[in-house]
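Okay, structure first, notes after.
Residue numbers start at 1 and run along the sequence shown.
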Amino acid sequence: MKIILHGAAQEVGRSCVEVRTKNNKILFDSGIKIGLEGEGLEETGSEYPVIKDVDKVNLVLLSHAHLDHSGALPLFNYMGMDANIYCTSMTKFLCKLLLRDSLKIEILNERNPAYNKENIINVLDQMMNVNYRKKNVFNDCEFKFFDAGHIPGSACILLKVDGKTLLYTGDFNTNESMLMPRADVNYGEKIDILICESTYGDRNHPDRQKQKADFLNTIKRTLEKGGSVIVPAFAVGRAQEILLILSELKTRVPIYLDGMAKKVYSKILREEKFTKNIHKLRKFDNKVKFIKGFKRRQDAIKKQGIFVTTSGMVSGGPVIEYIKYLWHDPNNAILLTGYQAEGTGGRALLETGSMFLDGNKVHVKCLVKKYDFSAHAGLKGLKKYIMKIKPKVLVLNHGDPGAEGNLASWAKSMGMTVHATKKNEVIVVK
């Protein structure tokens with residue numbers, strides 16, 4: 001068996017792990033890395049994994065819908081890949097939203113991607129729904145999906161082939177949130193090879209309950225001053241969790257939801273098996289106002305409100321329109337709710353208090369504060385998980401060099417065989 005990381009090797013982005021067996025060429029995920037550069041935050045285009053003979057891939061096991069795990073699928077289809085793609089039904093639904101939106105952005109930015117809408121349709125047609133914990137068979141491969149607790153529909157994937165048992169975590173969370181249960185880690189198998197994310201391999205998360213309490217208190221203080229609150233949030237998972245948190249806030253100030261998060265929210269309400277606290281979200285539903293169209297957004301923004309909107313990293317989307325209108329008032333607040341990548345508007349706000357709006361650099365006068373509502377396992381959770389699995393071989397991915405290196409050093413000190421690989425390095429497992 002050979003394992004090759006075509007992406008997410010000492011980086012966060014473009015997850016794509018190739019597993020070559022006697023009879024199969026398998027991909028775990030096929031993601032992209034979105035580049036940003038310059039003071040104006042112009043996107044440089046997506047970085048894709050490069051795979052030889054991608055047309056010979058005969059099986060794709062997709063952990064979840066985030067573009068850094070799914071975004072390369074249409075390009076690979078354009079290049080001739082015609083493989084069965086297994087994922088949960090929620091992942092397929094979310095991929096339909098995210099892949100179409102990604103193509104739209106590429107075209108708007110005049111980057112002329114090689115693939116087109118037809119390739120996205122092909123990819124969606126090739127997706128085959130799987131249920132958690134149910135055995136699936138393809139050729140001589142057996143595999144099961146287990147709830148990863150990351151976002152709705154996410155999975156850790158157990159593969160048995162060539163007499164070996166391999167576990168691919170994708171992105172996972174060992175702690176529960178208000179929206180998601182913790183990852184299901186009862187695999188019932190002895191794991192030979194563990195391919196594990198290391199996003200937070202060098203740090204722990206702050207106490208989530210304390211983060212939630214401070215988040216709500218900051219909103220209360222802002223509203224009492226007559227200000228409005230902008231909550232940039234990722235469309236999938238984070239925005240819906242923020243609404244659950246806001247359901248505990250006693251206020252008459254309207255709460256709005258904008259961007260792609262609206263469609264995800266509606267789907268989650270219909271597919272309760274992929275999340276938790278749906279009864280609480282349904283009860284709160286009549287208090288959430290959807291923003292539909294530019295005029296509605298302009299009308300709402302002129303009055304006091306709490307605006308939950310994309311993008312979560314303030315790199316585009318409706319959030320920019322809200323900031324344009326509200327940035328100058330110190331009574332207002334921008335409350336970031338997740339990781340802010342280098343080169344994004346959110347990172348600029350945190351580090352400099354400034355960002356670019358319509359090409360002009362402005363020093364934002366309102367409160368800017370970041371909260372950690374991460375959907376990834378922290379260092380403590382990663383260590384506990386790895387010790388529970390006790391694999392013969394540990395392969396680390398999806399982490400920057402510091403995080404991946406720190407976790408690798410610890411694992412080696414525990415006597416494990418560890419690979420913190422470079423891109424396209426071949427690992428041979430005998």
- Item | Ring-ring centroid check F145 Y132, cutoff 6.0 Å | no
- Query: With a 6.0 Å cut-off on ring centres, are F373 and F215 close enough?
  - Reply: yes
Value rounded to 0.5 Å, distance of [atom1] in [X] from [atom2] in [Y]:
X    : Y    : atom1 : atom2 : answer
C95  : R100 : SG    : CZ    : 12.0 Å
D258 : T309 : CG    : OG1   : 4.0 Å
N332 : I323 : CG    : CD1   : 11.0 Å
M178 : I245 : CE    : CD1   : 6.0 Å
R347 : S315 : CZ    : OG    : 12.5 Å
D125 : E118 : CG    : CD    : 10.0 Å

Does the side chain of [X] reach to within under 4.5 Å of the side chain of [Y], using non-hydrogen atoms?
X    : Y    : value
L336 : L350 : yes
I120 : V123 : no
F76  : I51  : yes
L103 : P74  : no
P254 : I306 : no
N424 : L5   : no

Would you call [X] and [Y] a salt bridge, taking side-chain N to carboxylate O under 4.0 Å as the test?
X    : Y    : answer
R297 : E321 : no
R282 : E272 : yes
K369 : D214 : yes
D147 : R182 : no
E248 : K280 : yes
D68  : K33  : no

How about [atom1] on [X], more than 12 heavy atoms from neighbouring residues, nucleotides or ligands closer than 6.0 Å, or not?
X    : atom1 : result
R270 : CZ    : yes
K263 : NZ    : no
K324 : NZ    : yes
K289 : NZ    : no
Y78  : OH    : no
K225 : NZ    : yes
K267 : NZ    : yes

Shortest non-hydrogen contact from [X] toward [Y]:
X    : Y    : result
N406 : D202 : ND2-CA, 3.5 Å
V60  : A83  : CG2-CB, 4.3 Å
H150 : M180 : O-CG, 4.1 Å
L396 : V418 : CD1-CG1, 4.2 Å
L407 : S198 : CD2-CB, 3.9 Å
L97  : V264 : CD1-CG2, 4.0 Å

Donor-acceptor pair, side chain of [X] and main chain of [Y], under 3.5 angstrom:
X    : Y    : answer
S154 : I151 : yes
T251 : V253 : yes
N116 : A114 : no
E425 : K422 : yes

- Message: Given Y256, which partner from the list Y265, F307, Y322 fulfils the ring pair (Phe, Tyr, Trp, His ring centres under 6.0 Å) test?
- Response: F307
- H376 and ring pair (Phe, Tyr, Trp, His ring centres under 6.0 Å): which partner among H205, H398, H64? H398
- Over 60° means perpendicular and under 30° means parallel, so classify the ring planes of Y86 and F138, tilted if in between. perpendicular
